[in-house]
Amino acid sequence: MATKEELLEKMKNGVVEYDEEAVKEAAQQALDDGYVPLEMIMDGLAAGMEVVGELYDRNEYFVPEVLMCADALYAGLGILRPHVPKQEGGLNAQVVIGSIQGDVHDIGKNLVKMMFDVAGWEVHDLGRDVPLEKFVEEQMRTDSEVVAMSAMMTTTMLGMKKVIKMIKDKNPNVAIMLGGAPVTKDVANLFGADGYAESAGNAVSEGIKMIGRLREMQGKK
Amino acid sequence: MAELTPKERVMRMFRKEPVDMMPFFSGMGMVLMPAIKELGYQFPKVHTNAEMMAKSAIASSRMFGFDSVVVPYDMTCESEAIGNTISLYEDSMDILYPTIPEKMWKSMDEVQIPKNIMELGRMPLVVEALKICKKEAPELALGAWTLGPFTMSGQLLELDILLKGVFKQKAKVEETLDKITDMIIKVGQAYQAAGADFITLREMGTGTDLISPRTWKDMIQPRMRKILAAWKSPKVLHICGATNLIIEMMADCGADAVSVDIKNCLNESREKIGNDNLLLGNFDVFALPCKAETTVEEAVAGIKQNIDGTVDAVWPGCDLWPDIKEENMRAIVKTAREYGSKPSPAVGRL
């Protein structure tokens, strides 16, 4: 029987080296051996993704590598997540996420979504090319705490401003995250958003940092 | 000496001959709402009518004194010609460019480019628009553009298939890129035959915030070279996002000029490519001409900074966002001309 540390290491390395099979094997073994699934997710899968974020920041990994690492992470998550008891699943929070109308790209959006999936949030993924009102309707329907929007092009970015206003008018407490290539901190502030990530890659890096913070919180519980 | 016409200015710049003042132009979309409104058009309509496309392009350039006129405006022409359906967002109140919401090809195996691509979809319409521009605005440098093969693949397939394929299915990715490369050569040649004075190859999605310099050298550069070798000069290579790590390779693809966006540090690029290469770019198309809070003075300062970055022409980092503030746009062009009265690194002054 492998020790917990060995399995965590195997999962972490499997994510970094985008080895889906190794991650799946370790995740299944962790379940079979009775280790706590949430711990395996946070200290194995998410820890691996943190390393991926560092490699990306250092220009050692690029988006193709990160996408493959994300696949490996999801392979493990698919095995472990169903075994995490609801109340233990982290924050029990909800997020509405999507790429804004006029934008059919969703790589960045999907990487940010991964961060919420890892953290155990309930994710309402509206997909891409999402009409502005749909974000507002979905937030109201689900009473989600966070709305995350992505735009890949300047030409679609301006729609975000309208969505933020519509949502904040109805419910000022909703936190809004913006992401996408043309979105800068300046733009996010100007539009009244609460957070931002400036590119698909930056979404990776920012998202991973958030995973890190969630892991710290988890550790303190 | 008499002032050059806009076209003479641009063509001389491409040949690195002295010009009368700093060129202000683009090889990417530069249609603007004030021109569309003056013509009584609606934004979603200008993409599907050759005359509206040409007239709105000409009116935009003449209204603000640009040196070039550029068509088409959107990146879905080839994908639509191959058989995909475009969204025009005719019911939206916002300015939205056409997109391909669903791609018919689900894997690289399905990629099959029709031989008669130039007869399909809106391709004849773009050719017609070029011809109208040529006839109606002979004083302007006529620009056309196409996407590069990697970026174009994102209009034909889900981009993550290619991105992951870079490692997992390299031969298949190369084969797909080759098919698209041949199509792009054909499209560019047709645009040049229709009268385009210069052409821009926009391999936008290959900056180093997406793929590595090694992948760029291995998979992108050979195809840039092949396409550019098949087109007549002048020709420009443009890449968005982070490009400082690949700028030397960009300058070594056979283009007459390289173009970069706001994420590029111009001075560093100039140092790397030397004073003999034309460097175009890279003003912020949202912050300077559009953002409600940007004053005319701030827009002017932004363009001066752009020129101090050693560009050979003031040229936007991307398509101009159509909803500009007129006073900012006019100040931007005026500043380019006045502050750019001195020679640039690769181009002297008359």
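Labels below follow one simple rule: chain letters A, B, ... track the order of the sequence lines, proteins then strands, and each chain is numbered from 1. On a predicted model such as this, the values are computed, not experimentally measured, just so you know.
The minimum heavy-atom distance between B/Gly29 and B/Trp145, with the atom names listed, is N-NE1, 4.1 Å.
Neither the backbone nor the side chain of A/Glu60 comes within contact range of chain B; no heavy atoms are under 4.5 Å apart. Heavy-atom distances place no part of B/Thr215 under 4.5 Å from chain A, backbone and side chain included. Residue contact with chain A, scored on non-hydrogen atoms closer than 4.5 Å, involves the backbone of B/Ile100 exclusively. If you measure heavy-atom distances from A/Asn110 to chain B, you find no contacts under 4.5 Å at all.
Crowding of B/Lys106 atom NZ: a count of heavy atoms from other residues, nucleotides or ligands under 6.0 Å exceeding 12.
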Practice problem: Apply salt bridge (charged side-chain N to carboxylate O under 4.0 Å, His left out) to the pair A/Glu6 and A/Lys10, showing each step before the final yes or no. | Solution: CA-CA 6 Å; A/Glu6 281 167 353; A/Lys10 194 170 171 190; over 6 Å; no
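At a threshold of 4.0 Å, the pair B/Lys170-B/Asp218 counts as salt-bridged, since one of the basic side-chain nitrogens sits closer than that to a carboxylate oxygen.
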